[in-house]
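Report on the following structure.
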Amino acid sequence: MQDIKRLLKLMGPYGKDVCIGVILVLIESCFELFIPVLTADLIDVGVAGRDTAYIFHKGLQMGVCAVFALITGLLYARFAARASYGWGARIREAEYQHVQNYSFSNLDHFASSSLITRMTTDVTVLQNAVNGGFRPLVRGPFMLIMGVGLSFWMNARLALIFVVCAPALGVALFFITRRVGPRYTLLQKQVDQLNSVVQECLTAIRAVKAFVRGVYEEERFQEVNTELAGASRDTFRVAVLNLPVFQAAMYLVIILMLWFGGNMILAGTLQVGDLTGFLSYVMQVMNSLMMIANVFLLLSRSLASAVRINEVLDEQIVLTSPEHADEKVPDGSVDFENVSFKYRTDAREYALSGVNLHIKAGQSIGILGGTGSSKTTLVQLIPRLYDATEGVVRVGGKDVREYSLKALRDAVAIVLQKNVLFSGTIRENLLWGNPDADDSALLDACRAACADEFLERMPDGLDTDLGQGAANLSGGQKQRLCIARALLKHPKILILDDSTSAVDTKTDALIRKAFAEYIPETTKIIIAQRISSVQDADRIIVMDGGTIQNVGTHEELLKTSSIYREVYTSQNKAGDQDE
């Protein structure tokens, strides 16, 4: 329950709607509780005495009570809906805002499909709990207490049946809800797995079709879908026991009431109207118990969802800005001093080990190395996408941990291996680099990235819609737009992580040549597989096994680095064969 209480603090301005809803439910319940009293009088006085005026008068009072109960019920529904959906929106906003502050290491703790489920399905469960369970949560205990109290007021001997039957029903419903609670947690995990399979398949749908793996993916989906159906079936098979247990108890109570009540009427100690009104209270009391049982079921499922939501909110942010952080990066110099790094504290080996590197502002640096040599890991430490496990990374002569994250990352533009373009127009994607850029600045950046060549052929130019994932662009076109977006930042440091792999060598050379004119003072760090992409750099870094093996110019490395010489020879031979 502590998890739900914590989330209730996010109710914010919708708390007043909850309070108004409580008052309306209590008023509605009072009107409904008054009706059986009027019914008893109508039968015992009006019907027994054949007093039409009295019957009409009591009937009118009952109608007024019913109308007011209806009005307050409708008003409650309005306030409850506003509170539940407003609360759900605030929870989703809190989750999304917290996730935006996650570092890469935080994101490693959650599958993306799980985060989506926690922001959608789990929040919807909580909304439904408030919208559908708040009324019985307030009404159930109130009606139970008042119904039992009024039953004893009408006939204490007959009301003793409640003392025997109600606790037995309560114990049975308690064991049902206790058993079904853990099953809801399992159910939500199955939803996570289903979303994961669907997301993966849709993201890689072109690969699925290219390899004709549609049947295989259907089988994967069928497997997780069947598991979800089984988990749902097992969960609700237990949950639905509420209804038969409740009905058995209710009919048993009614039979006992009619038996003992009928004998009391024959003995002259109870009137027919009192028994009729008493049976109305029986129904109200039993319905109240059923409401409370359903609330416990809702709370059981809500608790499972609340735990999952709080796991997202409780995730400790690994990377934060320090107090009194520096807000300005003076230049693009980069220094690695005895830097080692591993992705998890319990990892046996370091991804980077003993790195010492000094890059002057404005230099052009190439990084070369085989797959798994930790080239990407090295550059991700510069904008603090990860923090070094040991040693210090400096930018502009200062430890990167002394800067605010915003200032540091504004000064560093990084184009990652995986090209990411968002749904929307080309203009909207480019403006991520500089929201204030005009068309002239956008076109200049596109020319520098050689994106103007295909941009001119686009039907609407900068306003061409890319669609989801920019599916209407080739890999090379995506790369060039991503580079143009990075150039618009006019960063102190530009990092290209194998970002020209999908363009030809001529276009690659033109892009690198444009850097000297467009961003002459920017430090340029280029990770590449092709030596032609880095051979003109001021210095080239050769990496292997998470360490720096050699540093030098193209000519120097041909003489001193066997790794560099081997790559150069293999690529030149391939080039000769192609010719």
Side-chain angles (χ1 to χ4, degrees), residues 103-104 319-322 324-337 339 355-367 375-388 391-417 420 430-437 441-442 444-449 479 481-500 511-528 533-534 536-541 551:
S103 66
F104 282 12
L319 301 179
T320 57
S321 299
H324 312 297
D326 289 326
E327 297 294 339
K328 186 176 181 180
V329 178
D331 59 56
S333 62
V334 180
D335 299 288
F336 288 80
E337 298 177 2
V339 171
V355 174
N356 286 281
L357 181 64
H358 304 283
I359 302 172
K360 296 179 181 179
Q363 277 191 321
S364 177
I365 302 297
I367 302 180
K375 304 183 297 295
T376 298
T377 303
L378 178 73
V379 297
Q380 286 181 344
L381 299 180
I382 297 173
R384 282 195 77 194
L385 299 181
Y386 291 97
D387 262 342
V392 178
V393 180
R394 301 184 189 278
V395 170
K398 296 181 180 179
D399 189 332
V400 291
R401 288 168 289 199
E402 296 179 9
Y403 294 109
S404 73
L405 287 173
K406 183 180 184 303
L408 177 63
R409 291 174 182 174
D410 276 343
V412 180
I414 181 168
V415 183
L416 298 170
Q417 286 177 313
V420 178
L430 291 176
L431 288 176
W432 277 62
N434 181 4
D436 300 322
L442 296 178
D444 285 344
C446 288
R447 276 191 288 271
Q479 285 187 336
L481 281 180
C482 289
I483 292 171
R485 181 174 61 190
L487 292 176
L488 281 164
K489 292 182 70 174
H490 288 279
K492 296 284 195 306
I493 302 169
L494 173 65
I495 299 171
L496 300 181
D497 187 358
D498 205 15
S499 303
T500 57
I511 292 172
R512 286 184 283 107
K513 183 179 178 181
F515 288 165
E517 300 175 4
Y518 193 83
I519 47 173
E521 298 180 358
T522 297
T523 302
K524 295 163 280 289
I525 302 174
I526 303 171
I527 297 175
S533 298
V534 298
D536 295 328
D538 297 323
R539 285 194 300 165
I540 302 171
I541 300 166
V551 179

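Computation of the quantities below employed the complete heavy-atom set of this structure, encompassing side-chain atoms and omitting hydrogens, waters and symmetry-equivalent molecules. Sequence positions, counted from 1, serve as the residue numbers for this chain.
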Salt bridge (Lys or Arg N to Asp or Glu O under 4.0 Å) pairs, two or more places apart, involving residues 482-500: none
pair Leu494-Leu487: side-chain heavy atoms closer than 4.5 Å: yes
Looking only at heavy atoms, which two atoms of Cys446 and Leu430 are closest? And how far apart? SG-CD1, 3.6 Å
How about Ile382 and Ile493: do any of their side-chain heavy atoms sit closer than 4.5 Å? yes
Under the rule for side chain to side chain donor-acceptor pair (under 3.5 Å), what residues qualify as partners of Lys406, not counting sequence neighbours? Asp410
Qualifying residues under side chain to side chain donor-acceptor pair (under 3.5 Å), relative to Ser333, sequence neighbours excluded: Asp331
Would you check if the side chain of Thr523 reaches a backbone N or O of Gly332 as a donor-acceptor pair within less than 3.5 Å? yes
4.5 Å side-chain heavy-atom contact, Phe336 and Leu381: yes
Nearest 0.5 Å, please: how far is CG in Leu416 from CD in Gln380? 6.5 Å
Looking only at heavy atoms, the pair that brings Ile365 and Ala537 closest together is C-CB, 4.1 Å
Sorted by first residue and then second, give each salt bridge (Lys or Arg N to Asp or Glu O under 4.0 Å) pair with at least one member in residues 377-388; sequence neighbours left out. Arg384-Asp387
Residue list, side chain to side chain donor-acceptor pair (under 3.5 Å) with Asp536, at least two apart or on another chain: none
Salt bridge (Lys or Arg N to Asp or Glu O under 4.0 Å) pairs, two or more places apart, involving residues 392-401: Asp326-Lys398, Glu337-Arg394, Asp399-Arg401
Verdict with reasoning, Ser404 to Glu327, per side-chain hydrogen bond (donor to acceptor under 3.5 Å, both in side chains): CA-CA 6 Å; Ser404 73; Glu327 297 294 339; 3.0 Å; yes
Side chains of Ile359 and Ile525, heavy atoms from C-beta outward: is any pair under 4.5 Å? yes
With a 4.5 Å cut-off on side-chain heavy atoms, are Tyr403 and Val329 touching? yes
Nearest heavy-atom approach of Leu488 to Ala441 is CD2-O, 3.6 Å
Dump the intermediate steps for side-chain contact (heavy atoms from CB on, under 4.5 Å) on Ile483 and Thr500, then the final yes or no. CA-CA 9 Å; Ile483 292 171; Thr500 57; 3.8 Å; yes
Would you mind reporting whether Ile495 and Val415 have side-chain heavy atoms less than 4.5 Å apart? no
State, yes or no, whether a side-chain contact exists between Asn434 and Leu442 at a heavy-atom distance under 4.5 Å. no
Yes or no on side-chain contact (heavy atoms from CB on, under 4.5 Å) for Leu496 and Ile527, after CA distance, side-chain angles and deciding distance? CA-CA 6 Å; Leu496 300 181; Ile527 297 175; over 6 Å; no
Can you list, pair by pair, the side-chain donor-acceptor contacts under 3.5 Å of residues 514-522, counting residues two or more places apart and other chains?
from   : atom 1 : to     : atom 2 : distance (Å)
Thr522 : OG1    : Pro491 : O      : 2.7

Pair His358, Val334 - check side-chain contact (heavy atoms from CB on, under 4.5 Å), show working. CA-CA 6 Å; His358 304 283; Val334 180; over 6 Å; no
Side chain Tyr386, main chain Leu319, donor-acceptor under 3.5 Å: no
If you look at every heavy atom in Leu405 and Ser321, which pair is closest and at what distance? N-OG, 2.9 Å
Any idea which heavy atoms bring Ala449 and Ala484 closest together, and the distance? CB-N, 3.7 Å
Test side-chain contact (heavy atoms from CB on, under 4.5 Å) applied to Val551 - qualifying residues, sequence neighbours left out: Arg539, Ile541, Ile548
Is any side-chain heavy atom of Pro383 less than 4.5 Å from a side-chain heavy atom of Val400? no
Check side chain to side chain donor-acceptor pair (under 3.5 Å) between Lys360 and all other residues, then give those that pass, not counting sequence neighbours. none
Closest heavy-atom pair and its distance - Gly362, Asp538: O-OD2, 4.4 Å
